[in-house]
There are 2 protein chains.
Amino acid sequence: MPTTPRSPRRTDALTKERIVEAAIEILDTEGESALTFRALAARLSTGSGALYWHVANKDELLAAAAADVVGTALAGGDPDASPRAAVRALALGVFDAIDAHPWVGTQLSREPWQSAVLQIFEGFGGRMAALGVPEEARFDSASALVSYVLGLAAQYAAAARLVPKDADRAAFLGDIASGWLRLDPTTYPFLHTVAPLLPEHDDRRQFLAGVDVFLNGIATVS
Amino acid sequence: MPTTPRSPRRTDALTKERIVEAAIEILDTEGESALTFRALAARLSTGSGALYWHVANKDELLAAAAADVVGTALAGGDPDASPRAAVRALALGVFDAIDAHPWVGTQLSREPWQSAVLQIFEGFGGRMAALGVPEEARFDSASALVSYVLGLAAQYAAAARLVPKDADRAAFLGDIASGWLRLDPTTYPFLHTVAPLLPEHDDRRQFLAGVDVFLNGIATVS
DNA sequence: ACCTGAACACCGTTCAAGT
DNA sequence: ACCTGAACACCGTTCAAGT
């Protein structure tokens, strides 16, 4: 695309866009707990009250930040892809966005009617017809897919919050797994069998496996 | 069952059990935002610092409260049920627990390795073999099912948080639906088609429909 | 119209001091 | 060993006052 002039980006004027942008930077670099109106105001060299002229409250700020990230993650997409491939690509787009910005996973499950969730819902829902899902089942099917993605997103984000950035992931999961092995094997037989798989398992692969289970299940309705 | 003497329930001694019990009461009657250590201490006629002798912090308190509710929700279960019926019953048990205690939905997606989540994971995972899922797919399948349930739980809890207790649910959802209809129909065609379904839709039925999609998908792997 | 920053009304958590 | 409650170090949000 041609290099159309971007938004002027004056360093002086405070806008909602600039505030959201700065919030995303803090969330990405310092984590969810570092985003406070005080820290945000300091980074923008203004007073904390000034932010409230452009943003109603923290919920709106987080929703806008999440919508921003999800919006760019879902942009594009191969129009020639099969509906199944399109759904997989959509799901992976969300997954990768959350992998890059774990706080998005927390935010998505906090408010079902925020813009970011609607974008995802529309993305999945819009493919249901092409997948052959009968009209009366499309609402249910798309909802289920959204719930699955948001559920995994939240768990993934919680894990990212818990595992220090530079920590050894496998070692951390190994600790969790040995916790499972310490549970009573009579009441937790399944956890005992899967505990060894936990440290090495690939989140992205497992996520996609879940998407495929859903797609296969959806196919039985069509 | 015979009237076995319950735990002595001395009104004087402070125990973790009594604290968790009181926390659940506050969460149920006054909502998530009402649970503070100050309010909890006041209800138990003690100082807020005393609670820390029995509970490490608020996260542990919430995890214990959720484990309590989920534990009783999953207890029992028909041993003669088919594996498919058992999974559905398990899922409905979680759903109904969250319906009765919406804060559990919030809590479950906050920490993937808390006791309540492990109970659910074990419940689903333990049925995978009987469902005919091959051994190497059981971890993925059970994880996907847990993610779906937790995802819906979080959304449901967020909705319950938003809809005032005595408010007209259909009217509230009607407002959301008209918001969807105000979106650009070119970028949100799917939302436009399902908006009319939103106010009347049955959460529990839709949840179960998702479980069935999943069970059908699992069946294709086995 | 937009910004400033002190002030308000809270939090979770700690800790010296009590029994 | 267990409890008390003031104190600490924060929050999100409001609002009089400025430009």
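Note on naming: letters A, B, ... go to the chains in the order of the sequence lines (proteins, then strands), and numbering restarts at 1 for each one.
Using a 3.5 Å distance cut-off with no hydrogens or angles, the side chains of B:Ser109 and A:Gln155 do not pair a donor with an acceptor. Side-chain N/O atoms of B:Gln107 and B:Gln114 include a donor and acceptor closer than 3.5 Å.
If you take CD1 of B:Ile26 and P of C:dC11, they are 11 Å apart, rounded to a whole angstrom. A:Lys58 has its NZ atom 13 Å from the C1' atom of C:dC11, to the nearest Å. Put simply, CZ on A:Phe37 is 16 Å from C1' on C:dC10, counting in whole angstrom units. In this structure, B:Tyr52 atom OH and D:dC2 atom P are separated by 18 Å, rounded to whole Å. As rounded to whole Å, 17 Å separates atom P of C:dC11 from atom CG of B:Asp59. Rounded to whole angstrom, the span from the CD atom of B:Glu32 across to the C1' atom of C:dC11 amounts to 16 Å. Atom CZ of A:Arg38 and atom C1' of D:dC10 are 8 Å apart (whole Å). The separation between B:Asn57 atom CG and D:dA9 atom P is 20 Å, rounded to whole Å.
Take the nearest nucleotide of DNA chain D for A:Ser33 and for A:Ala56: the residue whose nucleotide is more 5' is A:Ser33. Between B:Gly49 and A:Ala50, the one whose closest nucleotide on DNA chain D sits nearer the 5' end is B:Gly49. Of the two residues contacting DNA chain C, namely A:Ser48 and B:Leu35, the nearest-nucleotide position lying further toward the 5' end is that of A:Ser48.
A salt bridge is absent between A:Glu111 and B:Arg161: the closest approach of a Lys/Arg side-chain nitrogen to an acidic carboxylate oxygen does not fall below 4.0 angstrom. Note on B:Glu60 versus B:Lys16: salt bridge recorded, some NZ/NE/NH1/NH2 to OD/OE distance being below 4.0 Å. A salt bridge does not link A:Arg110 with A:Asp59: every distance from a Lys NZ or Arg NE/NH1/NH2 to an Asp or Glu carboxylate oxygen is 4.0 Å or more.
Put simply, the side chain of B:Trp103 does not reach to within 4.5 Å of the side chain of B:Ile98, judged on heavy atoms.
In terms of phosphate contacts, A:Trp53 brings no side-chain nitrogen or oxygen within less than 4.0 Å of OP1 or OP2 of C:dC3.
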Secondary-structure notation, DNA chain C, from Watson-Crick and G-U pairs under 3.5 angstrom (| other strand): ||.|||||...|||||.||
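Minimum heavy-atom separation, A:Ala39 to A:Thr36: N-OG1, 3.0 Å.
Residue B:His54 places its side chain closer to D:dC3 than to any other of C:dT13, D:dC3, C:dC11.
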